[in-house]
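To start, the structure itself, in structure tokens.
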Amino acid sequence: MKIYNTLTNQLETFTPIHKDTVNIYVCGPTVYNYIHIGNARPVIFFDVVRRYFEHKQYTVNFVSNFTDVDDKVITKALEDQTTELEVANKFIDAFYKDAARVGSSTKYLAPRVTEYMSAIISYIERLVEQGYAYQVDGDVYFRVTKVSDYGILSGRKIDDLIEGSRIEVNNKKENPLDFTLWKKTNTGITWPSPFGEGRPGWHTECVAMIDEIFGGKIDIHGGGSEIKFPHHENEIAQHRAFHQDHIANIWMHNGQLNIDDKKMSKSEGRVILVKDLDVDYMGFRLFTLSTHYRSPINYTDEVLDAYVKDWERMRRVYKQTFYHLDLKESLDVSPVVSENLKAIELRFMDAMDHDFNTANAITELQNLVKFTNQTLRQKSSSEELKACIELFDTFFNILGLYPGVTPLNASDKAIYMAWTDARKNKDFDKADCLREKLSEKGIL
RNA sequence: GGUCCCGUAGCCAAGUGGCUAAGGCAAUGGACUGCAACUCCGUGAUCACCGGUUCGAAUCCGGUCGGGACCUCCA
């Protein structure tokens with residue numbers, strides 16, 4: 001299995017640190033608002049990564065945090081005249097709903113920054129003790145020059161960053177690139193610490209939680225490409241300060257999602273929230289997986305519609321095949337797998353093995369659709385159709401697509417049979433009436 | 001100003017040195033059909049442009065044009 005490592009900028013063969021186990025951490029959302037469709041991309045993609053590893057029989061320890069304390073959460077709490085906790089609770093709840101909507105599992109460890117405050121504070125203390133951080137007036141800053149190859153992830157040099165940068169002047173810092181570990185403040189929620197009352201900076205929470213939860217280096221660290229610098233760069237720097245080693249073997253960054261070829265922007269009114277998306281969410285999921293994860297993806301209503309249609313086609317053939325077997329009481333027959341199906345499965349897995357090429361995997365899913373339709377029309381055996389269903393289940397499970405098709409109850413079966421009979425007897429009025437009924441029930 | 005990415009048919013998109021450049025949507029011709037839907041079969045590209053390397057390039061190198069990202073909170 002090959003994965004593109006954005007730390008080394010090359011495709012690497014994946015080798016887990018601990019046999020048969022994958023430890024993966026993905027930077028999660030700051031919970032001050034509903035997530036938009038761009039936020040949903042990593043939520044969907046890394047869910048597929050987890051699913052694929054699980055399909056390959058790995059034990060996957062998947063962790064993705066909630067940033068529930070920072071300026072935006074505090075501002076929101078002040079605006080709404082409520083507490084940071086209330087704001088966080090509200091949007092964490094909303095996040096879970098949205099994640100479930102787009103078909104991503106929410107059953108993973110999701111630590112909140114506020115729950116790890118003591119770990120974060122002691123992490124900062126250790127950085128100070130070892131000379132990697134310094135205190136000024138109750139603030140604590142990280143000393144970037146103390147880490148030898150700062151900029152290794154984003155391919156930048158300290159000098160380049162300073163030159164022509166728009167970094168605000170802060171006389172407290174030794175170096176303009178030094179970043180805040182602890183911020184002295186009296187606005188919003190604060191915590192006591194050896195450095196004084198305040199709250200942590202954004203960049204320490206992830207490393208501290210990774211240290212606390214995984215106890216060392218992880219296999220994969222993921223997130224959006226736009227937080228490569230400075231956030232991930234700073235994570236690497238802090239971890240190296242302690243461990244003289246990288247925090248993760250592999251860094252995976254997903255590309256951005258744009259709308260009409262432009263970055264989403266609140267101020268320009270170019271934002272679409274997941275909860276406001278008025279389409280089948282499985283179609284949206286398919287859309288986000290139709291482009292390789294490292295490439296930017298451009299959202300337009302038309303393109304989304306095309307994938308919603310594509311999803312309907314997939315679901316339709318699955319449903320027809322499933323009911324076909326159900327009506328023949330053949331859902332439990334043993335599958336007979338043809339060479340064609342074996343080839344489709346092989347190509348699907350090859351695509352996934354090659355840096356999670358979901359676009360090519362979806363092509364094989366489309367091939368399966370066509371093949372199943374052909375098999376269905378050829379009046380093939382139930383055993384052959386069962387093999388199609390099982391392969392669909394495998395693919396859907398890896399990609400996180402849910403057709404939501406369950407066995408028919410006795411009365412629905414009776415209606416279906418009556419419809420078939422009516423057509424046979426050329427009683428078309430009755431047939432059309434029954435067809436309408438079946439259609440309303442979503443069976444046709 | 002600095003760093004980097006991208007430009008493949010009307011649209012989306014895979015392929016990153018080698019047989020006739022995957023696949024989907026749209027369009028269009030046909031088949032199937034009680035009607036409709038569904039479905040199946042067929043039809044489309046000198047890979048932005050110019051130059052170079054090579055026996056051979058969409059794929060590598062240089063340049064031009066166009067689009068975008070990061071350097072500041074941002075998934």
Side-chain angles (χ1 to χ4, degrees), chain A residues 6 9 11 26-30 32-33 35-46 64 67 70-72 75 151 154-157 159-168 176-177 202 222-233 253-258 261-267 271 286-287 289-292 294-300 302-314 316-317 319-320 347 351 354 357-367 369-378 422-429 431-432 435-436 439 444:
Chain A
T6 41
N9 284 318
L11 224 45
V26 178
C27 290
T30 301
Y32 72 107
N33 200 349
I35 61 166
H36 59 237
I37 57 177
N39 300 122
R41 194 178 186 191
V43 170
I44 292 168
F45 174 68
F46 287 106
S64 186
T67 298
D70 90 337
D71 287 347
K72 280 171 299 194
T75 306
S154 52
R156 295 153 206 258
K157 298 187 182 85
D159 291 346
D160 289 344
L161 284 162
I162 295 169
E163 200 178 326
S165 72
R166 285 171 278 167
I167 295 166
E168 60 189 81
L177 290 177
W202 179 39
S225 58
E226 75 292 332
I227 53 171
K228 235 169 134 174
F229 187 89
H231 185 57
H232 291 159
E233 196 70 73
H253 289 99
N254 63 273
Q256 288 197 224
L257 187 150
N258 300 319
D261 275 321
K262 286 188 182 130
K263 189 179 168 175
M264 259 188 265
S265 156
K266 227 178 192 177
S267 53
V271 172
L286 193 64
F287 158 71
L289 295 174
S290 67
T291 299
H292 187 90
R294 279 187 280 117
S295 302
I297 185 168
N298 186 41
Y299 174 95
T300 64
E302 288 154 315
V303 174
L304 177 61
D305 283 348
Y307 285 100
V308 168
K309 230 181 199 171
D310 204 14
W311 165 244
E312 279 168 7
R313 205 166 142 258
M314 292 171 183
R316 189 183 299 125
V317 65
K319 188 169 72 170
Q320 285 176 352
R347 289 195 300 264
H354 198 85
N357 193 328
T358 53
N360 280 345
I362 287 169
T363 293
E364 296 311 323
L365 181 53
Q366 288 163 337
N367 282 336
V369 168
K370 185 173 281 188
F371 180 77
T372 305
N373 268 317
Q374 288 166 339
T375 308
L376 203 56
R377 303 295 148 135
Q378 282 161 7
R423 283 168 69 204
K424 253 184 215 156
N425 301 331
K426 300 200 187 291
D427 184 351
F428 297 124
D429 285 343
D432 286 351
R435 181 169 75 188
E436 184 62 24
S439 180
L444 283 186

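Below, chain A is the first sequence line, B the second, and so on; all start at residue 1. We use all heavy atoms of the structure for the numbers below, so side chains are in, but hydrogens, waters and symmetry mates are not. Just so we're clear, the structure is a prediction, and the values are computed from it rather than from any experiment.
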Problem - Value in whole Å for how far the P atom of B:A13 lies from OH of A:Tyr299 - result: 15 Å
Practice task
Calculate the interatomic distance between A:His292 atom NE2 and B:U16 atom P; express it in whole Å.
Solution key: 12 Å
Practice task
Report the distance from atom CG of A:Leu304 to atom OG of A:Ser290, rounding to the nearest 0.5 Å.
Solution key: 9.5 Å
Practice task
Establish whether the base of B:C40 is bridged to the side chain of A:Lys370 by a donor-acceptor pair shorter than 3.5 Å.
Solution key: no
Handout entry: Under 4.0 angstrom between A:Asn357 side-chain N/O and B:A13 OP1 or OP2
Key = no
Handout entry: d(CG, A:Leu289; C1', B:A13) in whole Å
Key = 13 Å
Handout entry: Derivation of the side chain to side chain donor-acceptor pair (under 3.5 Å) call for A:Asn357 and A:His354
Key = CA-CA 6 Å; A:Asn357 193 328; A:His354 198 85; over 6 Å; no
Exercise for the section: May I ask you to verify whether the side chain of A:Arg294 and the base of B:C6 hold a donor-acceptor pair under 3.5 Å? Expected result: no
Exercise for the section: Return yes when atom CD of A:Gln374 has more than 12 non-hydrogen atoms of other residues, nucleotides or ligands closer than 6.0 Å, and no otherwise. Expected result: yes
Problem - N or O in side chain of A:Asn39 less than 4.0 angstrom from B:A75 OP1/OP2 - result: yes
Problem - Check: B:C38 base within 3.5 Å donor-acceptor of A:Arg377 side chain - result: yes
Exercise for the section: Give the rounded distance in Å between these two atoms: CG of A:Asn360 and C1' of B:A13. Expected result: 9 Å
Fill in the blank from the handout: 5'-most contact on RNA chain B (nearest-nucleotide basis), A:Phe287 vs A:Met264, goes to A:Phe287
Completion exercise
Comparing A:Gln320 with A:Thr300, nearest RNA chain B nucleotide closer to 5' gives the residue A:Thr300
Handout entry: Contact check, side chains of A:Ile37 and A:Phe287, non-hydrogen atoms, under 4.5 Å
Key = no
Completion exercise
Any strand, both distances under 3.5 Å, Watson-Crick or G-U wobble: B:G7 pairs with B:C65
Handout entry: Under 3.5 Å donor-acceptor pair, A:Asp432 side-chain atoms to B:G34 base atoms
Key = yes
Practice task
Give a yes/no on whether any side-chain N or O of A:Gln256 is located under 4.0 angstrom from OP1 or OP2 of B:C74.
Solution key: no
Exercise for the section: Give a yes/no on whether any side-chain N or O of A:Ser290 is located under 4.0 angstrom from OP1 or OP2 of B:C12. Expected result: no
Practice task
Return the nearest nucleotide to the side chain of A:Arg313; candidates are B:C25, B:C74, B:C12.
Solution key: B:C25
Fill in the blank from the handout: Rounded to whole Å, the CZ-C1' distance (A:Arg316 to B:U39) equals 9 Å
Handout entry: From CA spacing to verdict: side chain to side chain contact (heavy atoms under 4.5 Å, CB included), A:Asn258, A:Tyr299
Key = CA-CA 6 Å; A:Asn258 300 319; A:Tyr299 174 95; over 6 Å; no
Handout entry: Pair assignment for B:U46, Watson-Crick or G-U wobble, requiring both distances under 3.5 Å
Key = none
Practice task
Under a 3.5 Å limit for both distances, which nucleotide forms a Watson-Crick or G-U wobble pair with B:U20, could you say?
Solution key: none
Exercise for the section: Measure from CZ on A:Phe371 to P on B:G24 and round the result to the nearest Å. Expected result: 16 Å
Handout entry: Check: B:A36 base within 3.5 Å donor-acceptor of A:Arg435 side chain
Key = yes
Problem - Complement of B:U53, any strand, by Watson-Crick or G-U distances under 3.5 angstrom - result: none
Problem - Under-4.0 Å side-chain N/O to phosphate OP1/OP2 contact, A:Lys309 with B:A26 - result: yes
Practice task
Look up atom CZ in A:Arg41 and atom OG1 in A:Thr291, then write down how far apart they are to the nearest 0.5 Å.
Solution key: 6.5 Å
Handout entry: Nucleotide forming a Watson-Crick or wobble pair with B:C40, both distances under 3.5 Å
Key = B:G30
Practice task
Take atom CG of A:Asp310 and atom P of B:C12, then tell me their distance rounded to the nearest Å.
Solution key: 16 Å
Problem - Separation of atom CG in A:Asn9 from atom C1' in B:C5, rounded to whole Å - result: 11 Å
